[in-house]
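Just so it is clear: chains get the letters A, B, ... in the order the sequence lines come, proteins before strands, and each one is counted from 1. Computed from a predicted model, the values in this text were never measured in an experiment.
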Number of protein chains: 2
Amino acid sequence: MGVITGAMQDYLKAIFKLQQDRSAVSTSEIAARMRVSAASATSMVKRLARLRLVAYTPYRGFALTSAGERIALETIRHHRLLELYLAQHLGVSLDKVDGEAERLEHVLSEEVEARIAATLGNPTHDPHGDPIPAKDGTLHDVHHPTLRHLPPGQAGVVDRVSDSHPDALRRLAGLGVLPGVAIKMVAHRSGGCQVEIGGRTLTLPRELTQGVYIQWLTAPTKP
Amino acid sequence: MGVITGAMQDYLKAIFKLQQDRSAVSTSEIAARMRVSAASATSMVKRLARLRLVAYTPYRGFALTSAGERIALETIRHHRLLELYLAQHLGVSLDKVDGEAERLEHVLSEEVEARIAATLGNPTHDPHGDPIPAKDGTLHDVHHPTLRHLPPGQAGVVDRVSDSHPDALRRLAGLGVLPGVAIKMVAHRSGGCQVEIGGRTLTLPRELTQGVYIQWLTAPTKP
DNA sequence: CGCGAATTTTAGATGGCGTTAAAAATCTTT
DNA sequence: AAAGATTTTTAACGCCATCTAAAATTCGCG
């Protein structure tokens with residue numbers, strides 16, 4: 001009956017991330033995220049709806065139920081604990097921990113999860129700076145501004161870089177865009193932005209900027 | 001094409017263990033071992049045969065091919081390294097490591113496997129005393145003493161000669177070291193040992209002795 | 001040897017997860 | 001608002017991995 005497979009966990013995780021701001025997620029969004037045909041996405045969403053893990057209205061999109069969100073958060077917790085453990089205790093490089101954790105997260109027992117968390121000192125953030133959900137589902141700082149939200153002329157500090165696109169992560173690391181680094185917005189361009197970092201000026205395409213979460217050095221005027 | 005699933009790895013592992021003495025394994029044996037119906041076992045064996053991982057004759061049983069054995073040994077290596085790692089580095093109790101390793105073994109990358117092995121100091125036995133296959137598929141039979149374990153002055157009979165190193169096997173055969181032959185240990189030397197066989201005295205280098213499994217003519221004192 | 005018993009294989013379902021192609025619904029645009 | 005474009009769903013298929021029931025084969029015993 002209520003068998004939650006690894007693939008389902010992956011979809012739930014992806015839906016969770018997609019619905020951060022938006023209230024509902026569309027079939028094409030999840031299909032693109034999972035690199036799957038729209039038809040496959042539909043059938044999976046229907047399966048998840050049958051298990052009451054998403055609320056789904058045909059042609060109108062879907063959103064996680066609280067049960068679905070619970071599983072998404074558990075899976076993300078597994079993922080981020082594993083990333084941190086692999087990096088700190090087995091010396092796996094940062095651009096590889098995501099892929100490794102992606103497979104391990106689905107077969108991690110509650111017991112081993114607890115032992116890993118304890119060994120790490122119950123950490124609250126993974127090696128990319130992303131927050132690790134607590135056992136009770138608490139997740140800190142979800143609505144961080146990204147680089148795109150930094151107005152021209154304003155400087156900020158990179159808070160964390162999302163692990164959802166490993167190759168983007170690697171390219172950014174190569175450009176020196178790492179947590180803790182100061183960054184200044186020069187100008188917004190169509191399809192990206194021009195920034196100043198470590199004295200150099202770079203133009204970052206859109207797909208690289210959207211995973212870069214920042215802190216403003218001086219708070220901007222709230223919208 | 002050649003996608004080896006976790007279930008296939010489990011079957012290959014089980015077939016490997018069942019065929020230790022016997023030359024062929026039957027459908028009912030593997031079905032019982034995997035707690036699965038005979039029909040399921042048949043269909044899986046047919047899948048494995050299609051991938052050339054087992055040699056299968058309908059109604060007559062089956063055995064691993066060398067490709068199948070390689071995968072079985074890799075899986076067993078993953079399993080036993082994980083058991084040891086979970087016990088030593090995460091404090092998982094011995095009665096639980098098997099179940100945990102059972103799920104993790106199928107998603108362990110070569111890289112993490114290597115890092116775990118290195119962290120453990122490239123161990124040769126898991127916490128239950130079972131030998132851990134080496135990367136090249138070498139497996140030291142733990143319950144079976146090899147020539148090296150024969151004390152000086154003690155005589156034994158060659159039980160079997162490992163087939164994992166065909167050229168060593170050939171050289172040993174040329175020297176008369178064959179199953180059923182009586183052999184007497186004269187002295188242990190650095191890097192090998194001196195033995196008496198068929199009235200002649202030979203000095204065998206280490207790489208030749210380690211695949212020679214023996215039986216003692218008189219049992220040694222138990223530890 | 002031959003026949004009943006045991007083993008093994010085949011046939012046909014089911015469910016998960018993916019595909020492509022076509023139909024249905026919704027959006028967009030004039 | 002109708003037509004055309006886009007999105008979404010359905011239909012039909014394939015593969016894995018399991019099941020039950022029935023057919024085929026082999027074994028064992030009188």
Side-chain angles (χ1 to χ4, degrees), chain A residues 1-15 18-19 22-64 67-68 71-72 75 102-103 105-107, chain B residues 1-15 18-19 22-64 67-68 71-72 75 102-103 105-107:
Chain A
M1 297 297 146
V3 175
I4 282 97
T5 66
M8 290 176 190
Q9 290 171 3
D10 283 335
Y11 274 87
L12 293 172
K13 232 175 51 173
I15 296 168
L18 286 171
Q19 80 178 13
R22 276 177 276 320
S23 66
V25 180
S26 73
T27 298
S28 51
E29 281 173 321
I30 190 69
R33 188 55 126 73
M34 299 299 294
R35 303 173 162 286
V36 130
S37 71
S40 302
T42 297
S43 80
M44 178 58 95
V45 168
K46 282 169 72 178
R47 262 198 294 280
L48 295 173
R50 194 149 45 80
L51 295 172
R52 311 268 164 184
L53 300 175
V54 302
Y56 168 55
T57 313
Y59 294 102
R60 288 271 103 103
F62 44 88
L64 295 182
I71 293 173
T75 307
E102 191 61 44
R103 297 190 312 277
E105 63 187 7
H106 306 300
V107 295
Chain B
M1 297 295 152
V3 175
I4 282 97
T5 65
M8 290 177 189
Q9 289 172 3
D10 283 335
Y11 276 86
L12 292 171
K13 232 175 51 174
I15 295 169
L18 285 173
Q19 80 179 15
R22 278 176 276 320
S23 67
V25 179
S26 72
T27 299
S28 50
E29 282 172 321
I30 190 68
R33 186 59 126 73
M34 300 298 295
R35 303 171 161 285
V36 129
S37 72
S40 303
T42 295
S43 80
M44 178 57 95
V45 167
K46 282 169 73 178
R47 263 197 295 278
L48 295 174
R50 195 151 43 79
L51 296 172
R52 311 271 163 182
L53 301 175
V54 303
Y56 167 55
T57 314
Y59 293 103
R60 286 271 102 104
F62 45 87
L64 296 182
I71 294 172
T75 308
E102 191 61 44
R103 297 189 312 278
E105 63 186 7
H106 305 300
V107 295

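With sequence neighbours excluded, the residues that form a side chain to side chain contact (heavy atoms under 4.5 Å, CB included) with A/S26 are A/S28, A/E29. Remark: B/A39 pairs with B/S37 by the side chain to side chain contact (heavy atoms under 4.5 Å, CB included) rule, at least two apart or across chains. With sequence neighbours excluded, the residues that form a side chain to side chain contact (heavy atoms under 4.5 Å, CB included) with A/S43 are A/R47.
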List the atom pairs, with distances to 0.1 Å, where a side-chain N or O of residues 52-60 of chain A and a protein N or O form a donor-acceptor pair under 3.5 Å, not counting sequence neighbours.
none

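Using a 4.0 Å heavy-atom distance criterion, B/Y11 is classed as a sugar-phosphate-only contact.
Atom pair B/H106:NE2 and D/dC16:P shows a separation of 17 Å (rounding to whole Å applied). In this structure, B/L12 places its CG atom 15 Å from C1' of D/dA17, rounding to the nearest Å. Distance, A/I30 CD1 to C/dG18 P: 11 Å, rounded to whole Å. Taking atom CD1 on A/I4 and atom P on C/dG16, their separation rounds to 11 Å, with Å as the unit. Between the CG atom of A/L53 and the P atom of C/dG16 there is a distance of 12 Å, given to the nearest Å.
A sub-4.0 Å separation between OP1 or OP2 of C/dC17 and a side-chain N or O of A/T5 is present. Taking only side-chain nitrogens and oxygens, A/R47 never comes nearer than 4.0 Å to OP1 or OP2 of C/dG15. At the phosphate of C/dG16, OP1 or OP2 sits under 4.0 Å from a side-chain N or O atom of A/R50. One finds no side-chain N or O of A/S40 lying less than 4.0 angstrom from the OP1 or OP2 phosphate oxygen of C/dC17.
For residues 2-12 of chain B, the set of pairs meeting the side-chain hydrogen bond (donor to acceptor under 3.5 Å, both in side chains) definition, not counting sequence neighbours, comprises B/Q9-B/H106, B/D10-B/H106.
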Report summary line: Whether each nucleotide of nucleotides 2-14 of chain D has a protein heavy atom under 4.0 Å at its base (B), only at its sugar-phosphate (S) or at neither (-) is summarised, 5' to 3', as ------BBB----
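Scanning both residues, B/A63 and B/S23, for their nearest heavy atoms gives CB-O, 3.7 Å.
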